[in-house]
Amino acid sequence: MHFLNLLASLLSTAALTKYVAANLRITADHHSFGGVNYPGLQFLEPKERNNIIRSIVKTNARVVRLFIRAEEKHADPESEIGVFDRTILDQFDDTLAAIHRISKGKVKVIIAPHDAHSLRGSNNVPCDAYCNKVDGAFLDFYSNLDIRKLYKTRLDVFFRHYPSKNFGERSWSTLSEVILGVDVQNEPWSGIFPIVAGEPWLCDIANHLKEEIGLGEHNIAVISGGISGANTPDGTQNWPDSAMDCKAIDVIGIHGYYSNGKDETAGTPWAKMFIPGNTITARALGNKLLLVEEMAYVNTDAGLSYKKSAIWDQGNALNLRGIPWMYSHLTNKDEGTTAKVSITRSANFAIGALTDILRRAYTARSNFNWSKYLPAPPALSNLTLIPMNPFIPEQSDCTFGCPGFLCNGADGCATDLICKNSICQTPNEQQPGKVGDVCNSKAVCLAHLKCEDEVCQECMPRPSIASNDKRKITWAGDPNLQCVLDSTQPFLMRPLCQLPRDKSNPCQNAQHCNADEYCDWGLCKACTEGCLGMKCRSNNKCKTGFCNSFGRCDYPGKAQKPVGPGVRARARGPGWNAGPKNMERGPNKVRDETMRINIPVDGPKATGNPTS
Ligand SMILES: *[C@@H]1O[C@H](CO)[C@@H](O)[C@H](O)[C@H]1NC(C)=O
Ligand SMILES: *[C@@H]1O[C@H](CO)[C@@H](O)[C@H](O)[C@H]1NC(C)=O
């Protein structure tokens, strides 16, 4: 099946506009964006720091996420609880000023004012003053009200009391020209899911940032920071009800570490997670903004030669779905086999792929309105085709239309696959009209297949006109390239796949169609009422099948299942790290008294590891 090293079936852009949409393209006039994490940027020598900022600006990154925490050779500004080192805040302030000056105001900063990893000394972050205070019972940080008060003081000192050295002694809470948002913490409860203690901490701290410190009145976003650590592909760790229902949280920060694997690229989990109108995106729209605050390359047995393509695939999928993203993370040191991308290397290393996809993020569209926090770019991308990955290694066993690849239309996938929700996938067993299925005037084939001798026939993707250097072809739909015509192909084993123009796929129910279609008397049709993501009161008003508990028509796909250390803990038996009995979810239902819970050191997963 993976014989398709010929790149792509290419059609002129004009022809493609007539396609039956299979890609849920975002047409809203809002912008998305891309950015990078750069822990420790403030600790570099000013000259080097500025050179790096210059390089970041050139990548078209619009946001840099910085951490206030200790590093191996650098102290946390709160050396003892309640004792702050002003020189370290000055150093951070210098970095804010340098970013603002060098980018001419185009690049903004997200600040993680503390890192849950520093409560345990995990993930190479040293144990800090709070870590000493909780002494191994790290959930005390959330459930102990005295410690919460101390943490609020930390936030007050950073964002309200510290007079900015470079911005005329203003407090950081007013610097919306350079600060886009502030995390409540980096990865609160990291590795613990469901949250077993201190859940009200979340909205309490968010309120404190927004109202008391005043980020809200200055249009600086309060961000949830990656609750419980990295989100699993089918999981809901990062958006518990306590975050979604908390008014003070403006942005849900999502962290995910996905690798390319069998039947998917590193971008496929993102493309599935954010189908427009699905449970999370419909629930968030108009209520919260969604931001992938951390995404990264994860090394696999396939090796480092896939690093570039894996980074690019993730950015591409998020650009398609209109969800802004930030790479985790940049460095000026060696990359090794890690996710790190060195900003100082030349463009044929990972930074080249990251820069390419950041440039595309710069003009990508979104269904979410970010303009309060980040001005729109001069122009948004036109609604052309999903670009193809130019960084797929030559030795890859598949370069076009494989399972998990993004597709523009039915002929963008290998012929035994179906392009559904812009992802090439194996059709469901019950999907009518597959290769080999019986067909007749009533039972039609999938739109790209021909019915001959009462059987849906296999076909061959339309090749592009041969180029001497096939690597030159880098994206589908390049208006400079041409595809072969039916009439110019005399010696084909199989017929060319048909243009699915004006043809719909057959179906038995909505699951056989794209998420923005419904099944109308055996054929998928564009949906206009009772569609995915639309408001509903009952199931019978939803053409997609059912009305979810958030009052939106939902896609009857695989249910999102809770996974993570908390769930495994329950599987081990009731005694282990299980939290209070009969605990219900939600900010008002969880007990809030002090609880000492010692988390086994090897229990929680560190960020940066594959999550499954
Ligand atoms: C986007 O948000 C901005 C600022 O909150 C607002 O002024 C603008 O009208 C919004 N745009 C749309 C199209 O809703
Ligand atoms: C989109 O199309 C318009 C009109 O054809 C053009 O002026 C504009 O530059 C295009 N935008 C981009 C980002 O390519």
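Counting convention: from 1, in listed order, for ligands and their atoms alike.
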remark   = So the atoms of ligand 1 within less than 4.0 Å of a heavy atom of N369 turn out to be 1 (C), 2 (O), 3 (C), 8 (C), 10 (C), 11 (N), 12 (C), 14 (O)
ask   = Any nitrogen or oxygen of S371, main chain or side chain, under 3.5 Å from a nitrogen or oxygen of ligand 1?
value = yes
request  = List the closest protein heavy-atom neighbour of atom 13 (C) of ligand 1: residue, atom name, distance to the nearest 0.1 Å.
outcome  = H30 CE1, 3.5 Å
request  = For atom 7 (O) of ligand 1, decide whether some protein heavy-atom distance is shorter than 4.0 Å.
outcome  = no
Return a table of donor-acceptor pairs under 3.5 angstrom between the side chains of residues 367-376 and protein atoms on other chains or two or more places apart.
unit_1, atom_1, unit_2, atom_2, d
N369, OD1, S371, N, 3.0
N369, OD1, S371, OG, 2.8

ask   = Do S242 and E199 get their side chains close enough for a donor-acceptor pair, meaning under 3.5 Å?
value = yes
task = Without swapping roles, check the side chain of N238 against the backbone of H255 for a donor-acceptor pair under 3.5 Å.
result = yes
key: Aromatic centroids of Y38 and H329 separated by under 6.0 Å   = no
query = Quick one: nearest non-hydrogen protein atom to atom 5 (O) of ligand 1, plus distance?
reply = K372 CB, 4.0 Å
query = Any chance the rings of W189 and F141 have centres within less than 6.0 Å?
reply = no
